[in-house]
Amino acid sequence: MTAPRLAVFDLGGVVIRICRTWQEACAAAGVAHSPAAEARLASSRKAELLRAHQCGEIDADGYFRGVAELVGSHGADDVRRIHTAWILGDYPGIADAIDRIHAAGLRTACLSNTNAHHWEQLAASEAFRRIQVRHASHLMGLVKPDARIYRAFEQATGAVPHDIVLFDDLPENVDAARTCGWNAVHVDHAGDTAAQVLAGLRAQGAMP
């Protein structure tokens, strides 16, 4: 079987450094953290708000209002500030790694669970701008690990499963991709993600 020729990146945790907890994002935004709010964010209502936002079913303002109503201790403006602060910037070396992938003759794409508000912020990312084909949950109306988003990506790009290698920091997304016949590599978001991506492509026989 031939080596994969399309490297597909999840964004947060692989290409983009993000806050991993509400408390971390509050600190980044300069907003007081409320332990009571943290507990309410573990509810199924928060999960449903997040899914709807990432699928593009509700806009950013609706999401901010919904989270504010849920936590009770922050207004919608505070939630917007916290949400904006969630993105911390590119991982070191990832933009250069993407350049090396292109130089090796591979194409690059992203397939990420995200939202319109964060998507706009990504315009400031050097690494994101280097990615050739960009797909995301809020644009496709589907979220990983639903198998339908992987199939929709194939249809949108014309790629076949064995040509693709996905890099993702969530094991459930990696497992779902493999079930769909994709090559997939789990990335440790706390490590050197650029080195992990390049090592993964070498292990797949896609780069020297």
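Just so it is clear, the values below take in all heavy atoms, side chains as well, and ignore hydrogens, waters and symmetry mates. Because the structure is predicted, anything quoted here is derived from the model rather than measured.
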Report yes or no: does T157 contribute a side-chain atom to a donor-acceptor pair with the main-chain N or O of A159 at less than 3.5 Å?
yes
Any idea which heavy atoms bring R5 and G105 closest together, and the distance?
NH2-O, 3.4 Å
Any side-chain heavy-atom pair of V187 and F9 under 4.5 Å:
no
Would you call Q196 and V185 a side-chain contact if the rule is heavy atoms closer than 4.5 Å?
no
Under the salt bridge (charged side-chain N to carboxylate O under 4.0 Å, His left out) rule, collect the residues that match up with R148, sequence neighbours excluded.
D146
For residues 24-41, which side-chain N or O atoms pair as donor and acceptor with protein atoms under 3.5 Å away, sequence neighbours left out?
residue: E24; atom: OE1; partner: R20; partner atom: N; Å: 2.9
residue: H33; atom: NE2; partner: E38; partner atom: OE1; Å: 2.8
residue: S34; atom: OG; partner: A36; partner atom: N; Å: 3.4
residue: S34; atom: OG; partner: A37; partner atom: N; Å: 3.3
residue: R40; atom: NH1; partner: V71; partner atom: O; Å: 2.6

Shortest non-hydrogen separation from P4 to N183 and the atoms involved:
CG-ND2, 3.4 Å
Who passes salt bridge (charged side-chain N to carboxylate O under 4.0 Å, His left out) against R81, sequence neighbours left out?
D78
Going only through I, L, V, M, F, W and Y residues with side-chain contacts under 4.5 Å, is there a path from V143 to I16?
no
Suppose we screen for side-chain contact (heavy atoms from CB on, under 4.5 Å). Which residues come up paired with A190, at least two apart in sequence or across chains?
D188
Quick one: list whatever passes side-chain hydrogen bond (donor to acceptor under 3.5 Å, both in side chains) with N113, sequence neighbours left out.
none
Going by the rule ring pair (Phe, Tyr, Trp, His ring centres under 6.0 Å), which residues pair with H117 if we only count those two or more places apart in sequence or in a different chain?
F64, H83
Output for pair (H135 NE2, T114 OG1), nearest 0.5 Å, gives 14.5 Å
For D77, enumerate each residue passing the side-chain hydrogen bond (donor to acceptor under 3.5 Å, both in side chains) test, keeping only those at least two apart in sequence or located in another chain.
none
Taking salt bridge (charged side-chain N to carboxylate O under 4.0 Å, His left out) as the test, write out the residues that go with E48, two or more places apart.
R51
4.5 Å side-chain heavy-atom contact, F167 and D10:
no
Taking the side chain as every heavy atom from C-beta outward, state whether I131 and C110 have any atom pair closer than 4.5 Å.
yes
Roughly how far, to the nearest 0.5 Å, is the NE2 atom of H186 from the CZ atom of R178?
9.5 Å
Joint hydrophobic cluster, L11 plus L50, side-chain heavy atoms closer than 4.5 Å:
yes
Besides V174, the hydrophobic cluster formed by Ile, Leu, Val, Met, Phe, Trp and Tyr side chains linked at under 4.5 Å, directly or via other members, contains none
Counterpart residues, side-chain contact (heavy atoms from CB on, under 4.5 Å), relative to E172 (two or more places apart):
P145, L170
The remaining residues in the hydrophobic cluster of L6, counting side-chain heavy-atom contacts under 4.5 Å among Ile, Leu, Val, Met, Phe, Trp and Tyr, are V8, L111, M140, L142, I149, Y150, F153, I164, L166, W182
Using residues 87-102 as the side-chain source, report each donor-acceptor pair under 3.5 Å to any protein atom, sequence neighbours left out, with the distance given to one decimal.
residue: D90; atom: OD1; partner: S125; partner atom: OG; Å: 2.6
residue: D90; atom: OD2; partner: S125; partner atom: OG; Å: 3.4
residue: D90; atom: OD2; partner: E126; partner atom: N; Å: 3.3
residue: D90; atom: OD2; partner: A127; partner atom: N; Å: 3.0
residue: Y91; atom: OH; partner: H189; partner atom: O; Å: 2.8
residue: D99; atom: OD1; partner: R130; partner atom: NE; Å: 3.0
residue: D99; atom: OD2; partner: R130; partner atom: NE; Å: 3.0
residue: D99; atom: OD2; partner: R130; partner atom: NH2; Å: 3.4
residue: H102; atom: NE2; partner: T108; partner atom: OG1; Å: 2.6

Scanning both residues in full, the closest heavy-atom pair of M207 with A104 reads CG-CB, 4.0 Å
Under 3.5 Å donor-acceptor, R107 side chain and A7 backbone
no
Single-linkage hydrophobic cluster L139~F128, side-chain heavy atoms < 4.5 angstrom:
yes
Is any side-chain heavy atom of P161 closer than 4.5 Å to a side-chain heavy atom of R151?
yes
Quick one: do V79 and I58 end up in the same hydrophobic cluster if we chain Ile, Leu, Val, Met, Phe, Trp and Tyr together by side-chain heavy atoms under 4.5 Å apart?
yes
Find out whether T84 and R80 are in side-chain contact, i.e. whether some heavy atom of one side chain is under 4.5 Å from a heavy atom of the other.
yes
Okay, side chain of H53, backbone of Y63: is any donor-acceptor separation there less than 3.5 Å?
no
Work out which heavy atom in L106 is nearest to a heavy atom in Q132; give both atom names and the distance.
O-OE1, 4.3 Å
State, with a plain yes or no, whether a side-chain heavy atom of Q54 is found less than 4.5 Å away from one of H138.
no
